[in-house]
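Here is the structure we will look at.
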2 protein chains.
Amino acid sequence: MQDILFDFISKYISLTDDEKNAILSLDIFRSVMRGTILLQEGQKTQDNYFVLKGCIRKYYIINGEEKTTAFFTEMEGITPQCAISTTPSEYYISCIEDSILIVSNTEMGIEVNRKFPKFDLMCRMLSEELLAKQQIDFDEFKTSPPEQRYLNLLQKRPDLLQRVPQHQLASYLGIQPQSLSRLRARIFKNNKS
Amino acid sequence: MQDILFDFISKYISLTDDEKNAILSLDIFRSVMRGTILLQEGQKTQDNYFVLKGCIRKYYIINGEEKTTAFFTEMEGITPQCAISTTPSEYYISCIEDSILIVSNTEMGIEVNRKFPKFDLMCRMLSEELLAKQQIDFDEFKTSPPEQRYLNLLQKRPDLLQRVPQHQLASYLGIQPQSLSRLRARIFKNNKS
DNA sequence: TAAATTCGTTCACTTAAGTTAAGAAATTAC
DNA sequence: GTAATTTCTTAACTTAAGTGAACGAATTTA
């Protein structure tokens, strides 16, 4: 399990055994059961979540309705806004599969960076990469109607369609569950004829 | 004009006169006329753009139609994806007002960072800030229907509605120009009665 | 296992956005 | 200052998404 992490890190920087041990000694691995709510609206936290295995989901509750805006699967992570700005969270984060996460917090980050400056480099690469990816996703979302957004998802993250409940996918696509159902039926019908 | 820049920078780090001069010696200020296309689809560039005064716009051409996905006004900047990944650009960047920009490139960034490491700190703060802001924007976009998106924009960036042509705003909101027109008429009518 | 809940689909209906076209208003070019 | 172009609005029509309700299927809970 640790190997998954180190394999991932090795894409960005190389670690000595000392450094690896320093990370392991932080005791950051956590098994989380499906359904666990990691962060609630109104709550404050310093924790960041990184998924080694499984899937977590970010959602708002607006007028009593859940609005899912992101899924994080293997090798993806989230730093909640409230961990940076220390304002209470506007959204929820919950676990939609039994998962293995790395839960780190800001203090630990600073600590590790002080000891091993190269971590800083990795963080920076990661956040640049993330920013770029997100920009592309946002552009794609804006420039596509719902049906196209669904087809894009089918191409880019086919796994999500399997592991995530339909109604959560719907709001991720910016539509109602019924519309997603209908849209899928439409695509299927047009594909046949 | 330089003061605008240094005022901005001072929010993140403090500069000595030496450092200021080093920046000025790079000759990065550029006046750009409205209508100028800074970056074209298919083109490669190392340049980053930061707006001191004016407004620039990022857009795709999809099926012969312009799709505007972002505007950058005073104290906002853009690092095109192609400047990082060295793949050709998928979008255009053009100037929609006579503007004063800072045009820097990756080499210069490295150069400056080598001489003045604190710049690195600022870049990191900026990109974190940007990432957070963008995440919020994206969530808001996903969770709101077009009319709400328009009202949000009215609140958050009222200046844009003044300085940007309607049809560009429309695609920024993810809809057709005619729909924006209609939507505005609808809001106005409902406000009255 | 039975009951309860959640989930996905379908339907009928409403509302809003896409599309095509036309014309007025504003801007730009000459 | 006029012509040409671009931009914005309106309208009629089409298509798709929102809404409320119903129902079976799947899943969860007791």
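Here is how names work: the chains are called A, B, and so on, in the same order as the sequence lines, proteins then strands, and each is numbered from 1.
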Nearest-Å distance, [atom1] ([X]) to [atom2] ([N])?
| X | N | atom1 | atom2 | value |
| --- | --- | --- | --- | --- |
| A:Q148 | D:dA16 | CD | P | 13 Å |
| B:I96 | D:dT7 | CD1 | C1' | 14 Å |
| A:I175 | C:dA17 | CD1 | P | 15 Å |
| A:L183 | C:dT9 | CG | C1' | 13 Å |
| B:R184 | C:dA16 | CZ | P | 17 Å |
| A:L173 | C:dG8 | CG | C1' | 15 Å |
| A:N63 | D:dG20 | CG | P | 12 Å |
| A:Q176 | D:dA21 | CD | P | 15 Å |

Any carboxylate oxygen within less than 4.0 angstrom of a Lys/Arg side-chain nitrogen, looking at B:D98 and B:K53?
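Looking at B:K53 together with B:D98, the answer is no, because their closest N to O distance does not fall below 4.0 Å.
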
So, A:E107 and A:R114, do they make that salt bridge, N to O below 4.0 Å?
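Salt bridge: no.
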
Under 3.5 Å, is there a donor-acceptor pair between the side chain of B:Q162 and the main chain of B:D159?
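The answer is no, because no donor-acceptor pair under 3.5 Å joins these two groups.
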
When you measure from the side chain of A:S181 to the backbone N and O of A:S179, does any donor-acceptor pair fall under 3.5 Å?
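No: the side chain of A:S181 does not pair with the backbone of A:S179.
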
Using a 4.0 Å heavy-atom cut-off, does A:P145 contact any base of the nucleic acid, only the sugar-phosphate backbone, or nothing at all?
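Contact class for A:P145: none.
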
As a test of reading the structure: which of D:dT10, C:dA17, D:dG18 is closest to the side chain of B:S179, going by heavy atoms?
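Per side-chain heavy atoms of B:S179, the pick is C:dA17.
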
Within the pair [X] and [N], is there a side-chain N or O less than 4.0 Å away from OP1 or OP2?
| X | N | answer |
| --- | --- | --- |
| A:Q166 | C:dT9 | yes |
| B:H167 | D:dC8 | yes |
| B:R186 | C:dT15 | no |
| B:Q178 | D:dC8 | no |

So, under a plain 3.5 Å distance rule, would you say the side chain of B:R182 forms a donor-acceptor pair with the base of C:dG18?
yes

Contact nearer the 5' end of DNA chain C, comparing B:R34 with B:E147:
B:E147

Is it the case that the side chains of A:R149 and A:S144 hold a donor-acceptor pair, with the cut-off being a distance below 3.5 Å and no angle test?
no

